[in-house]
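Note sheet for the following structure.
Lettering of chains follows the sequences in order, A, B, ..., and the numbering in each one begins at 1.
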Protein chains: 2
Amino acid sequence: MPKPPPRRWRRRKEARPDEILAAALDVFRDRGFAAARLDDVAARAGVSKGTLYLYFPSKEALFKALVRESVLPNLIRAESVARAHRGGAADLLRELLTSFGMLITNNDRLAAFPKLMMAEAGNFPELARFYLRTVIYRAFRLITAVLKRGVAAGEFAPMNYAATARLAVAPIIFMALWRNSFAAHDRRGPAPRVVVERHVELFLAGLAIGRRSS
Amino acid sequence: MPKPPPRRWRRRKEARPDEILAAALDVFRDRGFAAARLDDVAARAGVSKGTLYLYFPSKEALFKALVRESVLPNLIRAESVARAHRGGAADLLRELLTSFGMLITNNDRLAAFPKLMMAEAGNFPELARFYLRTVIYRAFRLITAVLKRGVAAGEFAPMNYAATARLAVAPIIFMALWRNSFAAHDRRGPAPRVVVERHVELFLAGLAIGRRSS
DNA sequence: TGTTAATAACTGACTGGTCAGTTATTAATG
DNA sequence: CATTAATAACTGACCAGTCAGTTATTAACA
């Protein structure tokens, strides 16, 4: 009796894109954009390399799609939290920074983006401009709005907004980068959560109207 | 009349290593470690690729030599500043962070290291461990010592040292990374110097004994 | 309802190009 | 003229993107 020929693959037009994106994010996270092999992405997605190109025209397009699907929704959620918030600016800022910090220290896949961008911006300027416009400027705008709200309400001392907005996120981004670079070799370091909490505490203390530092 | 055969190259055993290192740092800075071509390094050093291998056994060895020659001396200088300092811990910390910030925002070549390490640590774990041991832990140890000095003197409130040491340098590293990734595409951003100054101000204000933040 | 023609999802071998590291050879120097 | 710094051609491995061919699925028809 002739063996029934095993089914070698299935048509799954709907499910492919998401599976490919998930696989791509994992491989990009582990190896970086340039060093990631599309063969590996395909293998992880359970598909052949040719199939990748049925759904995404290039490696770069794959990356842009990832930013839109994985990063942007979180930023949009943060914007709506800010819009809905009714308490003080310090409270809102604490909430935004803490949840950003938790998100990025608990979620391996999200933590990959800062590393990917920092690492590859130089060699893929188009990707850098895309990320800057789509994510970074938008995040800075959100933070700046909260800072201004706080100054207007007399909660925060007057400040250089652009510089301070960068300082609000810098340590959180730093921890995300750390997680994807040195954390694997660093057994002594403090838990990322602790660093984030300490940052929020220190940052808000510095922002508050009151004693001068020197 | 026979043309005098032009001299095609010179023997310069002493000068080569430094010239090669300088060229390598430039190329690594511009393209990252993995994407840097040794052909480019050689060309920039005015030498052929084979010559590189007379002086350095591998691309990785080239990088380690760079860390030892370019990064370490600055760290060692900072340690001796700290040892010699006779004023308060806040003063010393301000001085260390400011000069670190100035160094890294004014010196293109030094600013390259954080980017290189963050970008390549995943794919070159041996390099990551080397940098962690040789540079990062040593820098954390220095900052921690200053923080402890400040707490002992009653200048700073008690704290989690490991977390706070990371927060002291995080924004400065962040600016170095920014400089090598997004700065080229970012016309609006504040001057790095301003961000560093603002960080030092904010950080020291947060550290000081006094009002609680909430 | 079983057979077959048409379609489109999917495969994987291949191409063209890149680059770290090697080696046979050449030329500067003492 | 022996030594060795330096060259440049070479090798082998790697990988993004392509495309001719294969197979699952659907639709038309008997």
Side-chain angles (χ1 to χ4, degrees), chain A residues 2-21 23-24 26-28 30-66 116 120 122-124 126-127, chain B residues 2-21 23-28 30-66 116 119-120 122-124 126-127:
Chain A
K3 228 182 290 178
R7 202 201 261 90
R8 316 218 298 145
W9 44 266
R10 286 170 168 283
R11 300 180 139 198
R12 295 177 51 247
K13 193 179 164 55
E14 323 303 328
R16 295 301 188 206
D18 284 353
E19 292 173 358
I20 291 171
L21 285 175
D26 285 345
V27 178
F28 288 162
D30 293 345
R31 319 245 300 146
F33 179 77
R37 275 171 297 202
L38 291 189
D39 278 311
D40 287 351
V41 174
R44 190 182 277 252
V47 109
S48 79
K49 191 161 62 159
T51 301
L52 259 42
Y53 284 87
L54 296 177
Y55 293 99
F56 302 95
S58 70
K59 207 180 181 187
E60 292 211 9
L62 208 44
F63 184 82
K64 288 187 179 182
L66 276 176
L116 279 170
E120 314 285 359
N123 292 326
F124 302 89
E126 170 51 30
L127 244 41
Chain B
K3 232 182 287 179
R7 195 201 269 95
R8 313 220 295 147
W9 42 267
R10 287 169 169 283
R11 302 179 148 199
R12 294 172 57 246
K13 195 176 162 56
E14 322 303 328
R16 295 299 189 207
D18 285 353
E19 293 172 359
I20 291 171
L21 286 176
L25 184 42
D26 285 345
V27 178
F28 287 163
D30 293 345
R31 319 245 298 144
F33 179 77
R37 274 170 297 201
L38 291 189
D39 278 313
D40 287 352
V41 174
R44 189 181 277 250
V47 110
S48 76
K49 190 164 64 162
T51 302
L52 260 41
Y53 283 87
L54 295 177
Y55 294 99
F56 302 94
S58 70
K59 205 181 183 187
E60 292 210 11
L62 209 44
F63 183 82
K64 287 188 180 181
L66 277 175
L116 280 170
E120 315 285 359
N123 292 325
F124 303 89
E126 171 49 31
L127 244 41

Those residues that, when tested against A:Phe63, pass ring-ring contact (aromatic ring centres under 6.0 Å, His included) (two or more places apart): A:Phe33
Beyond-backbone contact of A:Asp30 with A:Asp40, side-chain heavy atoms, under 4.5 angstrom: no
pair B:Arg44-B:Val27: side-chain heavy atoms closer than 4.5 Å: yes
Nucleotide N/O of nucleotides 2-4 of chain D paired with protein N/O under 3.5 Å:
{"unit_1": "D:dT4", "atom_1": "O2", "unit_2": "B:Arg11", "atom_2": "NH2", "d": "2.3"}

Check the distance between [N]'s [atom2] and [X]'s [atom1] and give it to me in whole angstrom.
X	N	atom1	atom2	value
A:Asp40	D:dC14	CG	P	12 Å
B:Leu62	C:dA20	CG	P	11 Å
A:Asn123	D:dC15	CG	C1'	16 Å

Reckon B:Arg16 has a side-chain N or O less than 4.0 Å from the OP1 or OP2 of D:dA6? yes
Can you check whether B:Arg37 has a side-chain N or O nearer than 4.0 Å to OP1 or OP2 of C:dC19? yes
Mind checking if B:Ala42 touches a base, just sugar-phosphate, or nothing, with heavy atoms under 4.0 Å? nothing
Looking only at side-chain atoms of A:Arg31, point me to the closest of C:dG21, C:dT11, D:dC15. D:dC15
Among residues at least two apart in sequence or on other chains, which ones pass side-chain hydrogen bond (donor to acceptor under 3.5 Å, both in side chains) with A:Glu126? A:Lys64
Kindly write out the residues that satisfy side-chain hydrogen bond (donor to acceptor under 3.5 Å, both in side chains) with A:Arg31, not counting sequence neighbours, or none if the list is empty. none
DNA chain D contacts made by residues 48-56 of chain B, counting heavy atoms under 4.0 Å: B:Ser48, B:Gly50, B:Thr51, B:Leu54, B:Tyr55
Residue pairs, two or more places apart or on separate chains, that pass ring pair (Phe, Tyr, Trp, His ring centres under 6.0 Å) and touch residues 34-56 of chain B: none
